[in-house]
Number of protein chains: 2
Amino acid sequence: MPAPRNEREETVETIQRELTAFSRRARAAAARMHPELSLVSFTLLAHLAEQRGCRATDLAAHYMLDKSTVSRQVAALEHLGFVERRPDPDDQRVQALHPTPAGDEVLAAATARRQAAFQRRLSDWAEDDLDRFATYLVRFNEVSILDDQST
Amino acid sequence: MPAPRNEREETVETIQRELTAFSRRARAAAARMHPELSLVSFTLLAHLAEQRGCRATDLAAHYMLDKSTVSRQVAALEHLGFVERRPDPDDQRVQALHPTPAGDEVLAAATARRQAAFQRRLSDWAEDDLDRFATYLVRFNEVSILDDQST
DNA sequence: CCCCGCGCGTTGTACGGTGCAACCCACCGA
DNA sequence: TCGGTGGGTTGCACCGTACAACGCGCGGGG
């Protein structure tokens, strides 16, 4: 045996490889599936919808994006009529961001298509496996929010 | 109940959300972890190393990238001295791509850092869970190679 | 009371990754 | 021999992104 790699290391490598493989395709797949909403726009809009509004700075922090990037993405979404800015009466600097009805609509459509694709892709999975898979993913991502040194 | 969503649908949605969350960070994380090799370059180079060489077209097909994109990425890698082109004696059109020693080296370094990050992140996982997680990811990605409508 | 520092957001600039279309060149079969 | 096919490159346009510099409103200490 040339390199004393144990089984665990190989398993971790598999996980690393497969997760990477997935991310490589995510952007292009999103473009194919809902061309009107890029992966990033989709994500930001979805966040606004879930949170029932939040500030640009929060988005930047949460997604590890530069605030200028968020500013531009939001500007684009606003220009498309998918996002609305509501100035905070208490602090003129801050604007709460909210999806417009049109934003909700296009988001719902995109979400539906994503969901359908995932449902199809997971259609032959047993319930237990599905549950465990979801649990593992949540657990994996949880860590990264605290310690974000890794992918 | 306003929408009759069953449990399975919600599980699938969780999986969708978590995988997407991961992909969002992948690029930036790669940039932090091995700045000398972007996520895409890393992936392509790793593929060349695994396959012991292949053609640009194969890379494009495998990663759903436009051949022009691959052409440019490969050119960049070549310019950095990480990739070598070997003309096929039987067909002047095709060039087999191979990592150079320098390419192998930088790839090994990047891989080691990625691996370390993943190992750390998964350090407290039980062996069974790790195995199952890996299996699930492989299974999930397998499907997408055949039917690539999703993600 | 005013000024200074800080926090939120925007804008200028630069760069990398991407797709599409047009192209060049080698191969090969009718 | 010639036209179609396939591998690869290049011109172009666009998007997402970071960094730096800035404008502006807020609030606390001279």
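In what follows, chains are A, B, ... by sequence order, proteins preceding strands, each numbered from 1.
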Do you know which two heavy atoms are closest between A:L97 and A:A56, and how far apart they sit?
CD1-N, 3.9 Å

So, for B:S23 and A:F22, which heavy atoms are closest and what is the spacing to 0.1 Å?
OG-CE2, 3.3 Å

Common cluster, A:F118/A:L19, ILVMFWY with side-chain heavy-atom separation under 4.5 Å:
yes

Do the non-hydrogen side-chain atoms of [X] and [Y] ever get within less than 4.5 Å of each other?
X	Y	result
A:L59	A:L65	no
B:E18	A:R139	no
A:L37	A:V106	yes
B:H98	B:V83	no

Check nucleotides 16-18 of chain C against the protein and report each pair of N or O atoms closer than 3.5 Å, with its distance, or say if there are none.
residue: C:dG17; atom: OP1; partner: B:S38; partner atom: OG; Å: 2.9

Produce the list of close N/O pairs, under 3.5 Å, pairing protein atoms with atoms of nucleotides 25-30 of chain C; give distances to one decimal.
residue: C:dC27; atom: OP1; partner: B:Q92; partner atom: N; Å: 2.9

Distance-only check: which donor-acceptor pairs under 3.5 Å involve side-chain atoms of residues 43-50 of chain A, not counting sequence neighbours?
residue: A:T43; atom: OG1; partner: A:L39; partner atom: O; Å: 2.7
residue: A:H47; atom: ND1; partner: A:Y63; partner atom: OH; Å: 2.8

Does anything in residues 96-105 of chain B pair up under salt bridge (Lys or Arg N to Asp or Glu O under 4.0 Å), and if so which pairs, sequence neighbours excluded?
none

Summary of salt bridge (Lys or Arg N to Asp or Glu O under 4.0 Å) pairs that have at least one residue in residues 59-80 of chain B, sequence neighbours excluded:
B:E78-B:R85

Identify, residue by residue, the members of residues 42-52 of chain A with a heavy atom below 4.0 Å from DNA chain C, and return them in order of residue number, or none.
none

Listed partners of B:E84 passing salt bridge (Lys or Arg N to Asp or Glu O under 4.0 Å), at least two apart
B:R86

Can you see whether B:S41 engages B:S38 through a side-chain donor-acceptor pair at a distance of less than 3.5 angstrom?
yes

Could you check whether B:R114 and A:T20, counting side-chain N and O atoms only, form a donor-acceptor pair closer than 3.5 Å?
yes

When rounded to the nearest 0.5 angstrom, what distance separates CZ in B:R121 from CD in A:E142?
11.0 Å

Applying ring pair (Phe, Tyr, Trp, His ring centres under 6.0 Å) to A:H34 and not counting sequence neighbours gives A:F42

Sub-3.5 Å donor-acceptor pair from the side chain of A:T11 to the main-chain atoms of B:L130, do we have one?
no

Check the orientation of B:F140 and A:W125. Use parallel for under 30°, tilted for 30 to 60°, and perpendicular for over 60°.
perpendicular

Show me the dot-bracket string of DNA chain D, counting Watson-Crick or G-U pairs under 3.5 Å, with | for pairs to another strand and [ ] for crossing ones.
||||||||||||||||||||||||||||||

Each nucleotide N or O in nucleotides 2-5 of chain C that has a protein N or O under 3.5 Å away: list the pair and distance.
none

Figure out the CG/C1' separation between A:L59 and C:dC8, and round it to whole Å.
13 Å

Could you state the atom-to-atom distance from CD of A:Q95 to C1' of C:dT10 in whole Å?
10 Å

So where does chain A start and stop touching DNA chain D, 5' to 3', when the test is distance under 4.0 Å to a non-hydrogen atom?
D:dG16 to D:dC26

Quick check: on DNA chain D, is the nucleotide nearest B:V70 upstream (toward 5') of the one nearest A:D88, or the reverse? Name the residue that is more 5'.
B:V70

B:D58: partners by side-chain hydrogen bond (donor to acceptor under 3.5 Å, both in side chains), with sequence neighbours left out:
B:R55

